[in-house]
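Worksheet: the structure to be examined is printed underneath.
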Amino acid sequence: MNSYKNILSQALSPLLGLPSEEVAAMFVTPPDSSMGDIGLPCFPLAKKLQQSPAQIASKLSTQLELPEGFSKISTTGPYLNFTIDRQKMFNRFLAGVRSTAKPFGASEIGKGQTVVMDYSHPNIAKPLAIHHVRSTIIGAALCRLYKFLGYTVEGVNHLGDWGTNFGQLMVSYKRYEAAQPDQEVNITRLLEMYIQFHKDAGNEEGLDDQAREWFVKLESGDPEAVRLWELFREESLNAFKKLYRRFGIEFEHYIGESFFNDKMEATLERIAAKGISEISEGALVVKFEDDKMPPCLLRKSDGSTLYATRDLAAAEYRYERWHFAKCLYVVANQQELHFRQVFGVLEKMGYDWAKNCEHIKFGMLAFGPDVFPTEEEDDTAFGRRTTGSTRRGHIVFLEEVLDRARDKARDLVVDNAREDEVLQHADELAEMIGVGAIVFNELAQRRVKDVLFTWDKALNLHGDSGPYLQYTHARLSSVLRKYGKELPEEIDYSTLGTEAEAEVAKAVAAFPEIIERAVRENEPSVVSDYLLALCSEFNRFFTDKVTHRIISDEEALTLARVGLVDCVRTVLATGLGLLGIQAPERM
RNA sequence: GCCCCCGUAGCUCAGCGGAUAGAGCAUCGGAUUUCUAAUCCGAAGGUCACAGGUUCGAAUCCUGUCGGGGGUGCCA
């Protein structure tokens, strides 16, 4: 589409006396393709040319020679509309889509640049829950998108693996161990211990003090405390990785908060050396001019460091190690101020790369009445973010969500199977579809919006959903199987020509721009939205079996249509892959 | 008090400066001898929270109001 706009803007530029870039920025898409494929609103030209927009449009339509690649110039009131030559359009739009050499839509514009993606960052000793999943799924999708554009991506899992809460766990563990010495520790047990501690601490004096003592032991390197810390961390990590695998996610790095324990002093010294920190009310802070922002606390009056201190040390470390072009923090809205402060301190420290750090924020998760009938109080005890009352055990576990989705998908797979192949792979398919539904549900909305989690919506397998995209992929694959023959590398699409085909081809051709926009806005929902539109366009085409019989006696037309099917399939598979959703061949 | 985000169809959401504001769910009605009906077509459903402003043109940009959520120096 861009190349068509280039042709037009160059043809129009001398007539309008405007640079072609300016003309190119004026184009719009007509509401209905029967009006044309590219439109030019003539309103802004009225003043300059001293004529009414409608007059300008009609004058231009007669003055302008039909540019190469177009079949019609028309006007609708003040709009000058151009229709692309259908015969030539298909070969232009679909060239390279099926290329095996370079995936369609991929590019090298990010070559040589590194993007650090901080995402997921769960807390040790707490199972992954549905409210962690947004950061995980959005972050992973962004990683894939950046890689697709040639960037080097360093995905970092900034684990919440340090804090006074470890002392609490140790107190609880010691009691628990005495009662059941042979029981293994896994994440479920860890959570029980955490809940137990808070239950006990409510009734027993001195338990909090014991927890503090254990944490002091841990900080001073006491062997038993360190052993327990490592045990808790290891077991938690095992549980996290099991779920990441179901999403097909692998982190380049697990670098938790604890990693920065011995690096914060140096960071604080560098800050002090810049003369931007001061003591206020006993604490070490960095203040901001005009009190635009509350000061950033770096050290408590008792000498211990804070969350921001750790993130500052981490930012320095990341830049030192990777010299990133961008450092993106996929973290909930709630921490907006925290990141503004951290980035503000980095800027005051004189790091010019501070401007390349960005908080990729996303909305809160609320539970619908089919999940929890009453609202639970928030728990921000530790971690990059938490919602839901973990302490009291009110939490929706991610594993449960995935299992329920998978089971529901399995029923549907078995009910609808029309091939033995499908039944034989029912379990695999159910997993693909169930997980696909959950992932899509997370990516279907713009990040900043709060999300209402309901079982009904998350487990939706119809309509605008992951399974709808997967089903379309299966149908496309089925057509290719039915065709049965190997498709040649080069296909002549010029026998295509119906409007439905044109719409499908236009949708296919839009893919690269969609990817660029998704990356520019750090917004995976741009892709999910697009894929729905693409599938909707194809399904409309596909349902019309009378005029759009794909496999027919007409050889050239059949080849062109099967080729178009393969183009859609390719783009859909690529898009789904970028979102982290598998594309089944049958279902 | 101050700061940030969000108010679009009954519900969940797209659209974020251009032509008649679009999907899905739910409701109602249709389409299957024929490449997968987990699909498709149609009907119904909207003072785009409100009020000003900018503009040839505003759901979209600016200001204010109201409503919802979040944050706000010793949690993360």
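In the text below, chain A, chain B and the rest are named by the order of the sequence lines, each starting its count at 1. In this text, all values refer to a predicted model and were calculated from it rather than measured experimentally. These numbers come from the heavy atoms of this one structure, side chains and all, not from hydrogens, waters or symmetry mates.
Residues A:Phe440 and A:Pro467 fail the side-chain proximity criterion, which asks for heavy atoms closer than 4.5 Å. Counting heavy atoms from C-beta outward, A:Phe240 and A:Ser120 have side chains that stay 4.5 Å or more apart.
Note on A:Lys361: every side-chain N or O is 4.0 Å or more away from OP1 and OP2 of B:rG70. Residue A:Arg481 places no side-chain N or O under 4.0 Å from the OP1 or OP2 atom of B:rC35. Remark: A:His462 is in phosphate contact with B:rU39, judged by side-chain N or O atoms under 4.0 Å from OP1 or OP2. OP1 and OP2 of B:rG73 both lie 4.0 Å or more from every side-chain N or O belonging to A:Tyr307. A sub-4.0 Å separation between OP1 or OP2 of B:rC56 and a side-chain N or O of A:Lys47 is present. For the OP1/OP2 pair of B:rA38 and a distance below 4.0 Å, the side-chain nitrogens and oxygens of A:Asn416 include at least one atom meeting the criterion. Residue A:Thr543 places no side-chain N or O under 4.0 Å from the OP1 or OP2 atom of B:rC40. For the pair A:Lys482 and B:rU36, the criterion of a side-chain N or O lying under 4.0 Å from OP1 or OP2 is met. For A:Arg418 and B:rU32, the shortest distance from a side-chain N or O to OP1 or OP2 is not below 4.0 Å. The shortest distance between the side-chain N/O atoms of A:Lys545 and the OP1/OP2 oxygens of B:rU39 is not below 4.0 Å.
For A:Arg540, taking side-chain heavy atoms from C-beta onward, the closest of the listed nucleotides B:rC13, B:rC56, B:rC41 is B:rC41. Of all nucleotides listed (B:rC40, B:rG71, B:rA14), B:rC40 comes nearest to the side chain of A:Tyr468. Distance from the side chain of A:Glu257 is smallest to B:rA76 among B:rG69, B:rA76, B:rC56. Distance from the side chain of A:Arg340 is smallest for B:rC4 among the nucleotides B:rA19, B:rC4, B:rC56. Here the nucleotide nearest the side chain of A:Ile550, chosen from B:rC5, B:rG24, B:rC35, is B:rC35. Which of B:rA38, B:rU36, B:rG15 sits closest to the side chain of A:Ala474 comes down to B:rU36. Relative to the side chain of A:Pro31, the nucleotides B:rU34, B:rA19, B:rG71 differ in distance, and B:rA19 lies closest. Here the side chain of A:Pro30 is nearest to one of B:rU72, B:rA19, B:rG73, namely B:rA19.
Atom C1' of nucleotide B:rC75 and atom CG of A:Asp311 are separated by 14 Å, given to the nearest angstrom. Between the C1' atom of B:rG22 and the CZ atom of A:Arg446 lies a distance of 15 Å, rounded to the nearest Å. Per the geometry, NZ belonging to A:Lys126 stands 11 Å off C1' belonging to B:rC75, to the nearest Å. Rounding to whole angstrom units, CZ of residue A:Arg447 and C1' of B:rA14 are separated by 16 Å. The distance from atom CG of A:Asn261 to atom P of B:rA76 is 12 Å, rounded to the nearest whole Å. The nearest whole Å value for the distance from the CD1 atom in A:Ile433 to the C1' atom in B:rU36 is 13 Å. The distance between atom CG of A:Leu461 and atom P of B:rA37, rounded to the nearest whole Å, is 18 Å. Between the CD atom of A:Glu521 and the C1' atom of B:rA14 there is a distance of 13 Å, rounded to whole Å.
Using N1 to N3 plus N6-O4 or O6-N4 for Watson-Crick, or N1-O2 and O6-N3 for G-U wobble, each under 3.5 Å, B:rG73 pairs with nothing. As the counterpart of B:rA51, B:rU63 is assigned, both hydrogen-bonding distances of the Watson-Crick or G-U wobble pattern falling under 3.5 Å. The pairing partner recorded for B:rA43 is B:rU27, the criterion being a Watson-Crick or G-U wobble arrangement whose two distances lie under 3.5 angstrom. Using Watson-Crick or G-U wobble geometry with both donor-acceptor distances under 3.5 Å, B:rU20 finds no partner in any strand shown.
Side-chain contact of A:Tyr329 with A:Asp311: a donor-acceptor pair under 3.5 Å is absent, judged by distance alone.
For the pair A:Leu297 and A:Lys457, nearest-nucleotide mapping onto RNA chain B gives the more 5' position to A:Lys457. Annotation: of the two residues near RNA chain B, A:Glu585 and A:Val451, the 5′-most nearest-nucleotide partner is A:Val451.
Using a 5.5 Å limit on the distance between ring centres and a 30° limit on the angle between planes, the aromatic ring of A:Phe542 does not count as stacked on the six-membered base ring of B:rU39.
In B:rG67 the base sits anti relative to the sugar, since the glycosidic angle is further than 90° from 0.
Within a 6.0 Å sphere centred on NZ of A:Lys59, other residues, nucleotides and ligands contribute 12 heavy atoms or fewer.
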Candidate pair A:Arg520 and A:Glu516, rule salt bridge (charged side-chain N to carboxylate O under 4.0 Å, His left out), full reasoning: CA-CA 6 Å; A:Arg520 192 170 59 241; A:Glu516 278 171 40; 5.1 Å; no
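Within 4.0 Å (heavy atoms only), A:Val479 reaches sugar-phosphate atoms of the nucleic acid but no base atom.
A salt bridge links A:Arg299 and A:Glu265; the closest N-O separation between the charged side-chain nitrogens and carboxylate oxygens is under 4.0 Å.
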